[in-house]
2 protein chains.
Amino acid sequence: MDQDDDHKHRNEVTLREVSAAVGLGMSTISRVLRNHGSFSQATRDRVMKAVEELGYVPNRIAGTLASSGSNLVGIVIPSLHNIVFPDLLSGAALTLNPIGFQTVIAVTDYDLEQEQKVIQSMLAWRPAAFLVAGLEHTPRTRAMLKNSGVRIAELLDTDDEGIDIVVGFSQREAGAVSARHLVERGYRRIGYVGPEFSFDPRARKRFEGFSAVVAEAGASVVETELMGRTSSTEAGRAALERMLARNPDLDAVYFSNDDFAVGGLFHCIANNIAVPSQLAIMGFNGLDIGRFAPQPLTTLRTPRTEIGEIGARMVMEQGGAKIVDVPFELVRGATT
Amino acid sequence: MDQDDDHKHRNEVTLREVSAAVGLGMSTISRVLRNHGSFSQATRDRVMKAVEELGYVPNRIAGTLASSGSNLVGIVIPSLHNIVFPDLLSGAALTLNPIGFQTVIAVTDYDLEQEQKVIQSMLAWRPAAFLVAGLEHTPRTRAMLKNSGVRIAELLDTDDEGIDIVVGFSQREAGAVSARHLVERGYRRIGYVGPEFSFDPRARKRFEGFSAVVAEAGASVVETELMGRTSSTEAGRAALERMLARNPDLDAVYFSNDDFAVGGLFHCIANNIAVPSQLAIMGFNGLDIGRFAPQPLTTLRTPRTEIGEIGARMVMEQGGAKIVDVPFELVRGATT
DNA sequence: CACATATTTGGCAGCGCTGCCAAATATTAC
DNA sequence: GTAATATTTGGCAGCGCTGCCAAATATGTG
């Protein structure tokens, strides 16, 4: 099987060679392989046999160029270290793979310039569609995306204007709901722990919604700790410790996500701070780790996988621009 | 800019149109864009200006077909819900992106048939290289990979034969080291909690190494709990509870990963089981969550990101097949 | 059996780009 | 000034496949 290749490059088996082996035209082979158009059963069998024997692997690069229309879907997320994004990916892949699409994933590291770069290079592969986390982009990114003509869904956040499809929930409202919960349960001196606003706009929006409600209720966000980008247990634990050192009077702390919150909870457990009687803790996202902590964490369960699924489904459909709100849910644990 | 398109498909701007706009040949434009070959500064400026104005986005599908050699690297992992794999991805992306490669990611859900399917369809895009988690594949997968001629690195596990490059550590040895630690500290009635062996061969190998050492030492693995594929806190917590109900005499439990182990630790905290005096707990992976738990978890820190980095680097290099051992490290916490 | 109709097959152009080489132009030497 | 060299540019074939349409073959009808 190797003796006849004075080919250009590799020993790549091409359609032409399958065609020669079977003694049928290339178009026929192509039709059989794509199960498209008509051919006899006998032909199909002969072709399949030859394909098997030669180890032919269709070249989709050539196929896509000839037919225009790839089976690639670009997915752009800021990080893989926050469970939110793998969940998003899973949902999208779950929807896309069965219908024959492949996901090309790029990570921006919460950097809009980087996002622009990766989107540009993904665009060069003419993906069938785009899924992007968040609504914040550089003007140039927005323009490229709009001009590309591919369907695009922006995920997770419905608080601002989108380019085409938007699937998510209101981050402001999520913050507000959290605040209402704490205020209703009587907490008044509230701390906040989250990532630097500059690179996580969704956390910022949640905080805005949160602090607005807290202020309305006559309570106040007494302390804030803003940290680097890792949503880690360590950061949450350390932040709470610092915060309590500065202000031991706090009666509740709202963490921007469950990883931070669990870190906070760990600090309390390790230091015999009674939760919630001495200090209440609230998280965000509804992770497993919080649900099965010694005391289940009060948090907001966010529909991450579902958002990925819906985004993927919508991006494959016809129809005009749309906004889909996928509701989150308050999960009352034992920490508030 | 839209009036002149009686093109075939879309209003895609092509090289030809840039060429027409600038009044230079297509090859010249192409050279400028790829910064390859020679051209004057004046030409470059004119070309760049036109590219900008027309919003030209090179079509890499055509480019790759013409030149053979894509900038796509296929990465195949079993899951995104075990932090191990996002870490692997990050490491690989970190190495690959700066040198102009894009990662195409597929998830197999721990299913070798599925793996075969995704690898086949990735191969259709003629990736420059492949990174695959694990050494276990169907014979057909192995054959496809071998015949494809692309460089492939198998990651995480060095206990068996690889196809080309292998980067990781010995899972058996990791299990053995863990066992030695427990045995040396005097634990004798040991439980094991992990995923079903059928779909996580690495966990199986660790268990083999573990139980061999335990047996040698005259101690024994008294109880085992094997669970579904999610490496969740919940599963670990529930498994420990069941195990202790059956056998309250255990003095240590080895968990196949830190998520399970943290679940176990939570069970102990919630039920006032003193760790490690009453029950020792050991995990695997060295996650943040274990390190900053109320009691830091004893575990093995695995070099996941590094494995991704090295795998990516090696796959881009020349040279024959290789095996690279990236060492893990025992982290003594306060739970043993 | 001739004819109309359905099914199966082959040929060819072209998707948008790059590699190769020759042509045109600029630069330098004498 | 001309010849020799260096630099910049253009033309053309072709990467491997698909879409279109015409040709060949099979099937059905009276």
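Naming convention: chains lettered A, B, ... in sequence-line order (proteins, then strands); numbering from 1 in each chain.
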So, under a plain 3.5 Å distance rule, would you say the side chain of A:Arg31 forms a donor-acceptor pair with the base of D:dG19?
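No, no donor-acceptor pair under 3.5 Å.
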Between [X] and [N], is there a contact of a side-chain N or O with OP1 or OP2 at under 4.0 Å?
{"X": "B:Thr43", "N": "D:dT9", "value": "yes"}
{"X": "B:Arg34", "N": "C:dG19", "value": "yes"}
{"X": "A:Ser30", "N": "D:dT18", "value": "yes"}
{"X": "B:Thr28", "N": "D:dT8", "value": "no"}

Measure from [atom1] on [X] to [atom2] on [N] and round the result to the nearest Å.
{"X": "A:His36", "N": "D:dT18", "atom1": "NE2", "atom2": "C1'", "result": "9 Å"}
{"X": "A:Leu65", "N": "C:dG16", "atom1": "CG", "atom2": "P", "result": "7 Å"}
{"X": "B:Glu17", "N": "C:dC15", "atom1": "CD", "atom2": "C1'", "result": "13 Å"}
{"X": "B:Trp125", "N": "D:dC17", "atom1": "CH2", "atom2": "C1'", "result": "12 Å"}
{"X": "B:Arg16", "N": "D:dG10", "atom1": "CZ", "atom2": "C1'", "result": "13 Å"}
{"X": "A:Phe39", "N": "C:dG10", "atom1": "CZ", "atom2": "P", "result": "13 Å"}
{"X": "A:Asn71", "N": "D:dC17", "atom1": "CG", "atom2": "P", "result": "15 Å"}
{"X": "A:Glu12", "N": "D:dC15", "atom1": "CD", "atom2": "C1'", "result": "11 Å"}

Please answer whether the main-chain N or O of [Y] pairs with a side-chain N or O of [X] as donor and acceptor at a distance below 3.5 Å.
{"X": "B:Ser79", "Y": "B:Phe85", "answer": "no"}
{"X": "A:Arg142", "Y": "A:His137", "answer": "yes"}
{"X": "A:Ser19", "Y": "A:Leu15", "answer": "no"}

Determine the contact category for A:Thr64: base if any of its heavy atoms lies under 4.0 Å from a base atom, sugar-phosphate if only primed atoms, P, OP1 or OP2 are that close, otherwise nothing.
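Result for A:Thr64 = nothing.
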For A:Thr14, report the nucleic acid contact type (base, sugar-phosphate, nothing); a contact means any heavy atom under 4.0 Å.
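Sugar-phosphate, no base atom in range.
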Starting at the 5' end of DNA chain D and moving along, which residue's nearest nucleotide shows up first, A:Ile61 or B:Ser38?
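So the residue in question is B:Ser38.
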Position toward the 5' end of DNA chain C (nearest nucleotide), B:Val13 or A:Leu24
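On the 5' side of the pair lies A:Leu24.
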When the nearest nucleotide of DNA chain C is assigned to A:Gln41 and to A:Ser27 on a heavy-atom basis, which residue is associated with the more 5' position?
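The residue mapped nearer the 5' terminus is A:Gln41.
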Please determine, for the side chain of A:Asn59, which listed nucleotide (C:dC17, C:dT18, D:dC17) has the closest atom?
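It is D:dC17.
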Among C:dT8, C:dC17, D:dT9, the one nearest B:Ser40 by side-chain distance
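From the listed options, D:dT9 comes nearest.
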Quiz question: by atom type and distance under 3.5 Å, do the side chains of A:Glu309 and A:Thr95 form a donor-acceptor pair?
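No, no side-chain donor-acceptor pair sits under 3.5 Å.
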Does the pair A:Glu317/A:Arg151 count as a salt bridge with the N-to-O cut at 4.0 Å?
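Salt bridge: no.
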